Colleague: 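Have a look at this one.
In this text the structure is predicted, and so the values were computed from the model without any measurement.
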Amino acid sequence: MKRLVILRAALGLWCMALIQGCLLCQEVITGFSESVEDILALTDEYDPASLLEGLSELKEYPVRINGGDEKEISRLFFLTEFQVMVLADHVRKNGSVITLYELALLPAFDRNTVMLMAPYISLESPGEAGGKGYGRTTVTLTSSARFSGEDNDTEGVRSLFKVRHERELIDFGLTAENDPGERFTFRSAPGTDFLSGYLGFRGKKIIDRVIVGDYALRFGEGVALNSSRWMGSWLSSPSFMSGRSAAMPYTSSEENDFFRGICIAIGDVNSGVLLFGSSNMIDARPLYDEDSSVTAVSNLVRGGVHVTESQMAARNSLTETVAGLRLTTGADRIRGGVTAMSTWFSQPILPDRSKTENIHAFEGDRLLNLSADCRAGTGPVLLFAEAALSLPGSWAATAGLRAKPSGRVTFNLLARHFSPDYHAFHAGAYKAGSGSGNETGIAASLHLEAARHLFVTAAADHYRIPGPRYRSASSSYGSRIEIKGEYLPRDDISLRLSFTSSSREYDAASETGIASSVIHARQQVGFVLNYGPAAGVRLTTRASASAITPSGERGYLLCQDLSYSFHRVPLRLWFRYLLCSTGGWDSRLYAWENDLLSSFSVPALYGEATRLFLMLSWKSAEKMEARVKYAFTDSRNGLKQEVKGQVRISF
């Protein structure tokens with residue numbers, strides 16, 4: 001079987017290399033997308049949906065940095081306040097940015113940050129941006145269907161409808177979604193299973209921003225509040241600092257982690273106050289008394305799929321009410337803020353204490369969160385810190401620095417401590433594990449231009465889990481190492497190599513007595529070659545392998561991508577052929593895929609599998625585009641097929 005897989009892989013890659021024609025450059029797979037693959041391979045608990053949808057929207061509507069407008073530049077949510085200020089000030093003083101290379105020379109910027117920005121910015125001048133007085137409206141309709149021989153809740157049709165309007169002072173949006181198997185009904189529902197919307201106002205004087213409806217918040221380093229989940233576990237990121245503190249309209253289809261109400265921002269970038277209030281119905285697992293009346297909930301439920309009986313029982317079964325404020329002040333080189341937030345639940349949360357992972361879980365119906373954060377420094381050195389307290393519960397803190405001693409070197413350092421009984425339901429600080437608490441660690445990364453056209457990143461993270469958690473009845477340790485190299489000898493060719501290693505302690509399997517611990521480790525290597533053999537031609541070849549101990553599982557993946565654009569008709573084509581062979585789920589591998597607009601696809605591949613997709617884009621006019629995608633995965637579990645279609649109109 002393995003010989004057959006290798007033969008098919010070699011034949012497939014060889015055939016791809018022979019394809020000639022008028023090809024168009026494939027959408028670049030950024031370092032972030034590859035890091036998402038690594039993070040997903042380490043945990044089943046990380047959900048990048050909201051973040052990846054945000055990046056997709058930035059790619060559709062690039063940030064026009066040459067206007068020198070801090071509000072426009074701050075749409076790049078991964079930039080800090082200092083970086084936004086430096087870039088806006090540079091444009092105002094020196095005029096429009098001509099190339100990306102000059103951005104890397106600015107204080108607080110480096111090559112990795114600029115490469116992260118590249119797909120999401122426009123260098124057109126303010127005059128070229130133009131636009132009519134009534135603003136810009138975009139309507140997107142997406143439908144997808146999955147088919148296989150298995151009976152599960154992922155079968156069926158998923159529909160998604162989005163409307164978004166942006167004007168200088170007013171903006172609004174609407175999102176409606178039904179997951180596979182969910183019915184379109186007006187019985188105890190607004191037609192669709194999930195309906196979200198907002199109305200926003202941008203002020204020019206005292207009132208900076210008002211959002212009525214659904215919104216997301218990000219303050220400080222995310223220890224107390226970061227519903228946009230930017231940082232996550234990205235170890236090799238350009239910086240461990242969270243992005244700019246902000247209140248943003250909520251446009252994702254993730255159904256639980258957002259606020260529904262009103263927020264008002266008063267002041268400017270240096271000082272101000274933000275008031276927010278929310279009352280949102282979220283999913284939770286109900287607990288019943290003898291009369292079948294709901295008396296409490298055991299835990300919150302993520303995912304947003306409502307098909308089975310238990311999923312329907314959890315749907316919108318808990319009301320979360322939140323009220324809070326944030327005060328900020330500072331100058332160009334130092335800024336700080338304090339946040340206070342109170343949360344009430346309509347039913348008390350009563351976790352099952354018989355489960356080890358719930359020993360330190362939140363219990364009750366009220367929670368108070370307090371935090372203070374600070375950022376200081378100039379271009380060469382930036383310092384950041386945040387400390388937070390939860391009542392009931394304990395405390396958490398994170399602090400670090402970002403140093404750029406020369407144009408070729410950037411160094412990041414982060415120390416963190418989250419007490420086991422620290423609670424925050426919308427936190428999103430940098431940490432290796434999920435949840436808001438129960439972790440102490442230190443992480444460091446080095447980004448180096450080792451030679452001309454050669455860039456190297458090395459990062460390490462060592463952490464301790466002080467309290468019990470899932471699959472571990474006592475304190476445990478973990479570590480991660482990432483080494484990545486990129487060689488760019490010419491504009492038409494790039495080569496990336498990566499190595500990641502992670503380990504974590506778990507309880508050893510035992511029937512009686514106190515469980516001993518065993519270290520589970522995962523090593524993975526990756527190779528990506530982007531090559532443009534002629535004008536308009538781009539081929540991407542990928543290979544990766546994983547090794548798991550102590551199980552001894554191994555995994556291998558080979559993949560070839562291409563895109564094709566027709567000159568005489570407005571048609572574009574994407575194609576992928578992939579082969580995978582792994583020993584099981586633990587050695588699974590991920591491969592980022594091109595997908596529909598405002599969508600993403602990072603399928604998990606395991607066992608003996610072949611995956612293929614074909615996607616077409618028809619852009620008949622400047623303001624209209626239609627896409628259709630067909631994909632299938634053939635494995636020992638059978639044939640799984642997926643069909644997606646989308647129409648987007650802008651006016």
Colleague: With a 3.5 Å distance limit and no angle check, can you tell me whether R627 reaches the backbone of R648 through a side-chain donor-acceptor pair?
Modeller: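 Such a contact is absent between R627 side chain and R648 backbone.
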Colleague: CZ/F161 to CG/L174 distance, rounded to the nearest 0.5 angstrom?
Modeller: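 Separation between the atoms: 6.5 Å.
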Colleague: Could you go through residues 286-294 and list every donor-acceptor pair under 3.5 Å that involves a side-chain atom there, pairing it with any protein atom two or more places apart or in another chain?
Modeller:
from, atom 1, to, atom 2, distance (Å)
D289, OD1, D291, N, 3.0
D289, OD1, S292, N, 3.1
D289, OD1, S293, N, 2.8

Colleague: Which heavy atom of R480 sits nearest to which heavy atom of S502, and what is that distance?
Modeller: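 Of all heavy-atom pairs spanning R480 and S502, the closest is CG-CB, 3.9 Å.
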Colleague: For the residue pair Y250 and F258, categorise the inter-ring angle as parallel (less than 30°), tilted (30 to 60°) or perpendicular (more than 60°).
Modeller: parallel
Colleague: First locate atom CG of N438, then atom OH of Y422, and finally report the distance between them rounded to the nearest 0.5 Å.
Modeller: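 One gets 13.5 Å once the value is rounded to the nearest 0.5 Å.
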Colleague: Between N256 (side chain only) and D283 (backbone N and O only), is there a donor and an acceptor less than 3.5 Å apart?
Modeller: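 Looks like yes, one N/O pair under 3.5 Å.
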Colleague: So which heavy atom on T582 is nearest to which on L605, and how close?
Modeller: CG2-O, 4.0 Å
Colleague: Is there a donor-acceptor contact under 3.5 Å from the side chain of N358 to the main chain of D352?
Modeller: yes
Colleague: Is the closest side-chain heavy-atom distance between Y564 and L571 below 4.5 Å?
Modeller: no
Colleague: Just wondering, are more than 12 heavy atoms of other shown residues or ligands nearer than 6.0 Å to CZ in R353?
Modeller: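 It does: R353 CZ has more than 12 such atoms within range.
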Colleague: Please give me the minimum heavy-atom distance between F194 and S196, naming the atom from each residue.
Modeller: CZ-CB, 3.6 Å
Colleague: To the nearest 0.5 Å, tell me how far T500 OG1 sits from E482 CD.
Modeller: 6.5 Å
Colleague: Is it the case that the side chain of E625 and the backbone of I649 share a donor-acceptor pair, with hydrogens and angles ignored and the cut-off at 3.5 Å?
Modeller: no
Colleague: Taking the side chain as every heavy atom from C-beta outward, state whether P351 and E363 have any atom pair closer than 4.5 Å.
Modeller: yes
Colleague: Do R326 and T339 have a side chain donor and acceptor closer than 3.5 Å?
Modeller: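 There is such a pair between these side chains.
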Colleague: Provide the closest heavy-atom pair for S143 versus V157 in the form atom of the first, atom of the second, distance.
Modeller: OG-CG1, 3.6 Å
Colleague: Using 0.5 Å steps for rounding, measure from the OH atom of Y630 to the CD atom of E642.
Modeller: 10.5 Å
Colleague: Closest approach of D586 and I548, non-hydrogen atoms and distance?
Modeller: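 The answer is O-CD1, 3.4 Å.
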Colleague: Check whether any side-chain heavy atom of R366 lies under 4.5 Å from a side-chain heavy atom of S342, and answer yes or no.
Modeller: no
Colleague: Flag the pair D595 and K629 as a salt bridge only when some basic side-chain nitrogen lies within less than 4.0 angstrom of an acidic carboxylate oxygen.
Modeller: yes
Colleague: Between T356 and S472, is any pair of side-chain heavy atoms under 4.5 Å apart?
Modeller: no
Colleague: Please check this pair: side chain of E553 against backbone of S587, looking for a donor-acceptor N/O pair closer than 3.5 Å.
Modeller: yes
Colleague: Report yes or no: do S546 and Q524 form a side-chain donor-acceptor pair below 3.5 Å?
Modeller: no
Colleague: Step by step, work out the side-chain contact (heavy atoms from CB on, under 4.5 Å) result for I349 and F425.
Modeller: CA-CA 12 Å; I349 299 178; F425 290 100; 4.2 Å; yes
Colleague: Can Y590 and S544 be said to form a side-chain contact (heavy atoms from CB on, under 4.5 Å), step by step?
Modeller: CA-CA 9 Å; Y590 291 84; S544 58; over 6 Å; no
Colleague: Run the side-chain hydrogen bond (donor to acceptor under 3.5 Å, both in side chains) test against T633 and tell me which residues pass, sequence neighbours left out.
Modeller: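 Once residues adjacent in sequence are excluded, the partners of T633 under the side-chain hydrogen bond (donor to acceptor under 3.5 Å, both in side chains) criterion are R611.
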Colleague: Check the orientation of Y606 and W585. Use parallel for under 30°, tilted for 30 to 60°, and perpendicular for over 60°.
Modeller: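 Y606 vs W585 ring planes: perpendicular.
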Colleague: Would you give the length of the straight line joining atom SG of C263 to atom CG of L217, rounded to the nearest 0.5 angstrom?
Modeller: 6.0 Å
Colleague: Taking the side chain as everything from C-beta on, heavy atoms only, tell me whether H165 gets closer than 4.5 Å to R136.
Modeller: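 Result no, sub-4.5 Å side-chain heavy-atom pair not found.
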Colleague: Could you tell me if the side chain of W618 sits less than 4.5 Å from the side chain of V628, heavy atoms only?
Modeller: no
Colleague: Would you call the rings of Y506 and H520 parallel, tilted or perpendicular, where under 30° means parallel and over 60° means perpendicular?
Modeller: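 Y506 vs H520 ring planes: perpendicular.
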Colleague: Just do the side-chain contact (heavy atoms from CB on, under 4.5 Å) check on Y556 and L558 with the steps written out, would you?
Modeller: CA-CA 7 Å; Y556 308 94; L558 289 172; over 6 Å; no
Colleague: Can you check whether K644 reaches M615 side chain to side chain, under 4.5 Å on heavy atoms?
Modeller: no
Colleague: Using side-chain heavy atoms (C-beta onward) and a distance below 4.5 Å, is L274 in contact with R209?
Modeller: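 No, their side chains stay 4.5 Å or more apart.
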Colleague: Walk me through it: do L160 and T175 pass the test side-chain contact (heavy atoms from CB on, under 4.5 Å)?
Modeller: CA-CA 7 Å; L160 176 65; T175 300; 3.9 Å; yes
Colleague: Do side-chain atoms of E439 reach the backbone of G433 as a donor and acceptor pair under 3.5 angstrom?
Modeller: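 Here the side-chain-to-backbone pair exists.
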Colleague: Indicate yes or no for a side-chain donor-acceptor contact from R285 to the backbone of A313 under 3.5 Å, with no hydrogens or angles considered.
Modeller: no
Colleague: Any chance you could measure N316, atom CG, to D193, atom CG, to the nearest 0.5 Å?
Modeller: 8.0 Å
Colleague: Please report the closest heavy-atom contact between C559 and R576, naming both atoms and the distance.
Modeller: SG-NE, 3.2 Å
Colleague: R158 and D179: salt bridge (Lys or Arg N to Asp or Glu O under 4.0 Å), yes or no, with the steps?
Modeller: CA-CA 5 Å; R158 176 181 184 262; D179 286 309; 3.6 Å; yes
Colleague: Under 3.5 Å, side chain of N369 to main-chain N/O of H423, donor-acceptor pair present?
Modeller: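 Between the backbone of H423 and the side chain of N369 there is a qualifying donor-acceptor contact (under 3.5 Å).
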